[in-house]
Amino acid sequence: MPTPIRISSQRDTALEDLLDDRLYEFNARATGYDDGELLSASVEEATGQTIAGVTGHTWGGCCKVTRLWVHESKRGTGIGTALMQAVETEAMRRGCEQIVLSTHSFQAPGFYEGLGFTRVAAVHGDPKDHADLFYVKRLAT
């Protein structure tokens, strides 16, 4: 080992960016797909305050949603559905054949199932007494 391993509970965006770049380079070489693009959308109130947003990326014919959040006071108003429809439209424009995502059992499984997503896996105990659920939605090509 060249130096001791440093463990931290602080966000290290420089390290995250470095790892993202190196893993993308490896994955692109291994698969031949180098079409990765970030994807994000948000909704703001007139004041400029963000009340909802979604992030993810597209790569190799697949769209991955990594985060979706809607302010508690705006849930159930259709904003989340509109954001996911925008993601789906953009994913199809980019040539994606599917959208994949995960949500915890206490978050929004019913929401995603209502949008046509199918649960394909669950990791129970993540976190304890709950599960991390994995979903996929095939897109019309």
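Given the structure is predicted, the values throughout are model-derived calculations rather than measurements.
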Checklist entry - Taking atom NE2 of His57 and atom CG of Asp35, what is their separation to the nearest 0.5 Å? => result 10.0 Å
Checklist entry - Would you find more than 12 non-hydrogen atoms of other residues, nucleotides or ligands less than 6.0 Å from Arg22 atom CZ? => result yes
Checklist entry - Can you hop from Met84 to Trp69 via hydrophobic side chains spaced under 4.5 Å? => result no
Checklist entry - Where the side chain of Asp126 meets the backbone of Ala131, is there a donor-acceptor pair that is under 3.5 Å apart? => result no
Item to check | Nearest heavy atoms of Cys63 and Cys96, plus distance in Å | outcome: N-SG, 3.8 Å
Checklist entry - What's in the same ILVMFWY side-chain cluster as Tyr33, cut-off under 4.5 Å, chained through other members? => result Tyr24, Trp59
Checklist entry - Do you know which two heavy atoms are closest between Met92 and Ala140, and how far apart they sit? => result SD-O, 3.6 Å
Checklist entry - Would a distance-only check, ignoring hydrogens and angles, find a side-chain to backbone donor-acceptor pair under 3.5 Å from Gln107 to His104? => result yes
Checklist entry - Which is it for Val65 and Arg67 under the side chain to side chain contact (heavy atoms under 4.5 Å, CB included) test, yes or no, and what are the steps along the way? => result CA-CA 6 Å; Val65 171; Arg67 292 179 180 86; over 6 Å; no
Item to check | Parallel, tilted or perpendicular: ring planes of Tyr135 versus Tyr112, cut at 30 and 60 degrees | outcome: tilted
Checklist entry - Can you tell me how far the CG atom of Asp20 sits from the CD atom of Glu25, to the nearest 0.5 Å? => result 11.0 Å
Checklist entry - Are the side chain of Lys137 and the backbone of Leu115 linked by a donor-acceptor contact shorter than 3.5 Å? => result yes
Next on the checklist: Apply side chain to side chain contact (heavy atoms under 4.5 Å, CB included) to residues Ile99 and Lys64 and explain how you reach the verdict.
Outcome noted: CA-CA 6 Å; Ile99 300 174; Lys64 182 176 277 188; over 6 Å; no
Next on the checklist: Can you give me the closest heavy-atom contact between Leu139 and Ala91, atom names plus distance?
Outcome noted: CD1-CB, 3.9 Å
Item to check | Side chains of Phe111 and Leu68 in contact at under 4.5 Å (non-hydrogen atoms) | outcome: yes
Side-chain donor/acceptor pairs under 3.5 Å, residues 38-54, sequence neighbours excluded:
from: Glu45; atom 1: OE2; to: Lys74; atom 2: NZ; distance (Å): 3.4
from: Thr47; atom 1: OG1; to: Gln49; atom 2: N; distance (Å): 3.4

Item to check | Phe26 atom CZ, neighbour heavy-atom count above 12 within 6.0 Å | outcome: no
Item to check | From CA spacing to verdict: side chain to side chain contact (heavy atoms under 4.5 Å, CB included), Glu37, Arg94 | outcome: CA-CA 9 Å; Glu37 287 186 78; Arg94 294 183 187 188; 3.2 Å; yes
Checklist entry - How far apart are the C-alpha atoms of Arg11 and Glu16, what are their side-chain angles, what is the distance that settles it, and do they pass the side chain to side chain contact (heavy atoms under 4.5 Å, CB included) test? => result CA-CA 9 Å; Arg11 180 118 194 224; Glu16 289 174 6; 2.8 Å; yes
Item to check | Point-to-point distance, once rounded to the nearest 0.5 Å, from SG of Cys62 to CD of Gln98 | outcome: 4.5 Å
Checklist entry - Ignoring hydrogens and geometry, is there a side-chain-to-backbone donor-acceptor pair from Arg119 to Leu133 under 3.5 Å? => result no
Next on the checklist: Could you list the cluster mates of Val100? Members are the ILVMFWY residues connected by side-chain heavy atoms closer than 4.5 Å, either directly or through other members.
Outcome noted: Val120, Val123, Phe134, Val136
